[in-house]
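Below is one structure, written out as structure tokens; the observations come after it.
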Amino acid sequence: MSNEIKSITEFDFDLICEYFSLVERQGPGSPEATIKALSFIDNLNENSKIADLGCGTGGQTMVLAQNAPGTITAIDLFPKFIEIFNDNARRLSLHNRVKGITGSMDELPFAKGELDLIWSEGAIYNIGFKKGLSYWKQFLKTGGYLAVTEACWFTPERPDEINRFWVEAYSEIDTIPVKIAQIQEAGYVPVASFILPETCWTDHYFLPQRSSQTEFLKRYPNNKTAEELVANERREVYLYDKYREYYGYVFFICSSR
Ligand code: SAH
């Protein structure tokens, strides 16, 4: 059925993948933030088993692999991201220790108690923070770690425009103390938390998208889906610029008792 007409959603899906495969990161973060989070983790050696969930094309996974011993299995739902991921691992000669596979973070292929560390940057929101924390815990060894970034409010109240945007995009967004309580309720010890610096959004996430947006719109002239996609991303930049004091990403490092 090679000449089958693609459904709109399938086309949208491919387009979103293509847009985000043009940039190194698919979420806010930076090599410095990844290394800082890693500095709180003290249980790793050459035999350690690490999982990176919602890895995208692997921006943070490669930094992790270059700064920690052990093997990493990285999982993402989008096959195209995994293809790019494995090319990147090969290019950096990390392919013996780092492997990307297609799969879902809510159906993990690991054994109970198998993992020393679960990593997940900018991705747990796909299944929700509380669900992710409680489902992932069974795969960690006692004394294993979870390092995860999550969107948080920085103030108890905030302007309506940004409140509405986030409640629609991710209704589980909440303040840092609420997130820490959720970590404890899920049976972890909160080891450390820090707010990602603004450059993780501006320099490492928004800026690389700016040139890809021009390239992407040239590739798909007069295409409504492509135009809407770019308009949405530009709106995110506008909102961040206006309301950055009210929200951001927070790195939480948790230990599994
Ligand atoms: N960690 C990367 C990517 C973050 S974007 C970075 O920080 O750059 C979120 C990623 O989650 C995307 O790559 C998306 O494809 C992936 N994703 C979405 N739903 C998923 C699911 N159910 N299981 C695994 N990955 C998922």
Side-chain angles (χ1 to χ4, degrees), residues 9-10 12-38 50-68 72-89 92 98-110 115 117-136 139 146-152 169-170 172-173 194-197 199-209 212 229 232-233 236 240 248-253:
T9 40
E10 204 182 323
D12 290 356
F13 182 78
D14 287 351
L15 219 54
I16 294 168
C17 282
E18 186 180 332
Y19 174 85
F20 279 106
S21 55
L22 295 172
V23 285
E24 201 174 308
R25 295 199 65 98
Q26 291 77 41
S30 73
E32 293 75 20
T34 298
I35 290 168
K36 182 170 172 179
L38 191 58
I50 303 170
D52 184 356
L53 308 180
C55 59
T57 57
Q60 74 294 322
T61 328
M62 305 306 155
V63 174
L64 195 58
Q66 283 161 336
N67 290 277
I72 307 179
T73 305
I75 295 181
D76 200 280
L77 201 55
F78 288 2
K80 175 79 186 157
F81 287 171
I82 291 300
E83 208 180 287
I84 298 171
F85 179 104
N86 284 322
D87 286 346
N88 286 340
L92 295 166
V98 179
K99 193 172 161 33
I101 58 173
T102 305
S104 184
M105 60 175 79
D106 60 1
E107 233 181 275
L108 295 176
F110 305 110
L115 301 172
L117 170 62
I118 294 179
W119 204 269
S120 184
E121 292 193 34
I124 197 171
Y125 72 90
N126 286 297
I127 59 168
F129 193 65
K130 281 191 280 185
K131 180 180 172 185
L133 288 181
S134 70
Y135 171 63
W136 296 350
F139 301 102
L146 166 66
V148 62
T149 64
E150 167 78 338
C152 291
Y170 180 52
E172 262 195 69
I173 185 172
F194 62 91
I195 292 174
L196 294 194
T199 50
C200 287
W201 293 77
T202 51
D203 298 2
H204 294 278
Y205 184 52
F206 293 145
L207 198 62
Q209 284 186 54
S212 328
L229 178 61
N232 275 341
E233 296 309 319
E236 251 198 77
Y240 186 72
Y249 261 99
V250 177
F251 230 124
F252 294 102
I253 295 91

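Note that ligands are numbered from 1 as they come in the structure, with each ligand's atoms numbered from 1 the same way. Excluded from the calculations below are hydrogen atoms, water molecules and symmetry mates; all remaining heavy atoms, backbone and side chain alike, are included. Note that this is a predicted model, so its numbers are computed, not measured.
Proximity of Ser120 to ligand 1, defined as any heavy-atom pair under 4.0 Å, is not found for any part of the residue. Within the 4.0 Å heavy-atom criterion, both parts of Leu77, backbone and side chain, lie near ligand 1. Contacts between Phe20 and ligand 1 below 4.0 angstrom, taking non-hydrogen atoms only, are absent altogether.
Closest to atom 5 (S) of ligand 1 among all protein heavy atoms lies Gln26 O, 3.4 Å. Closest protein heavy atom to atom 9 (C) of ligand 1: Gly122 O, 3.5 Å. Here the protein heavy atom with the shortest distance to atom 11 (O) of ligand 1 is Asn126 ND2, 3.3 Å. For atom 6 (C) of ligand 1, the nearest protein heavy atom (residue, atom name, distance) is Gln60 OE1, 3.1 Å.
A cation-pi arrangement is absent between Lys36 and Phe251, since the terminal nitrogen or guanidinium carbon is not both under 6.0 Å from the aromatic centre and inside a 45° cone about the axis.
Under a 3.5 Å cut-off, the side chain of Asp76 and the backbone N or O of Ile82 do not form any donor-acceptor pair. Side chain of Ser30 to main chain of Ala33: a donor-acceptor pair is present (N/O by atom type, distance under 3.5 Å, no hydrogens or angles). Proximity of a side-chain donor or acceptor of Glu172 to a complementary backbone N or O of Lys130 within less than 3.5 Å is detected.
Side chains of Ile75 and Phe110 form a contact here, defined as non-hydrogen atoms less than 4.5 Å apart. Residues Phe206 and Glu233 have side chains not in contact (no heavy-atom distance under 4.5 Å, counting atoms from C-beta outward). Under the 4.5 Å side-chain criterion, counting only non-hydrogen atoms from C-beta, Phe78 is not in contact with Gln26. You'll find the side chain of Ile72 stays beyond 4.5 Å of the side chain of Cys55, heavy atoms only.
Closest heavy-atom approach to atom 10 (C) of ligand 1 within the set Asp76, Asp52, Ile124: this belongs to Asp76.
Contact atoms of ligand 1 toward Gly27: 6 (C), 8 (O) (distance under 4.0 Å to a heavy atom of the residue). Set against the non-hydrogen atoms of Gly103, the atoms of ligand 1 under 4.0 Å away are 23 (N), 24 (C). Those atoms of ligand 1 that come under 4.0 Å of a heavy atom in Cys55, given as number and element, are 1 (N), 2 (C). For ligand 1, the atoms lying closer than 4.0 Å to a non-hydrogen atom of Phe81 are 13 (O), 15 (O).
Here the CG-CG distance, from Asn126 to Asp106, works out to 9.5 Å after rounding to the nearest 0.5 Å. Here the straight-line distance linking atom CG of Asp52 with atom OG1 of Thr61 works out to 4.0 Å at 0.5 Å rounding.
Ligand 1 has Ser104 within reach: a non-hydrogen atom of the residue lies less than 4.0 Å from it. Note on ligand 1: Gly59 sits outside its first shell, no heavy atom being nearer than 4.0 Å. No heavy atom of Asp106 sits closer than 4.0 Å to any atom of ligand 1.
Ligand 1 has a nitrogen or oxygen under 3.5 angstrom from a nitrogen or oxygen of Met105. Distances between N or O atoms of Arg25 and those of ligand 1 include at least one value under 3.5 Å. The shortest N/O to N/O separation between Tyr125 and ligand 1 does not fall below 3.5 Å. Considering backbone and side-chain N/O atoms, Gly54 comes within less than 3.5 Å of an N/O atom of ligand 1.
Using cut-offs of 30° and 60° for the angle between ring planes, the Trp201 and Tyr240 rings count as parallel.
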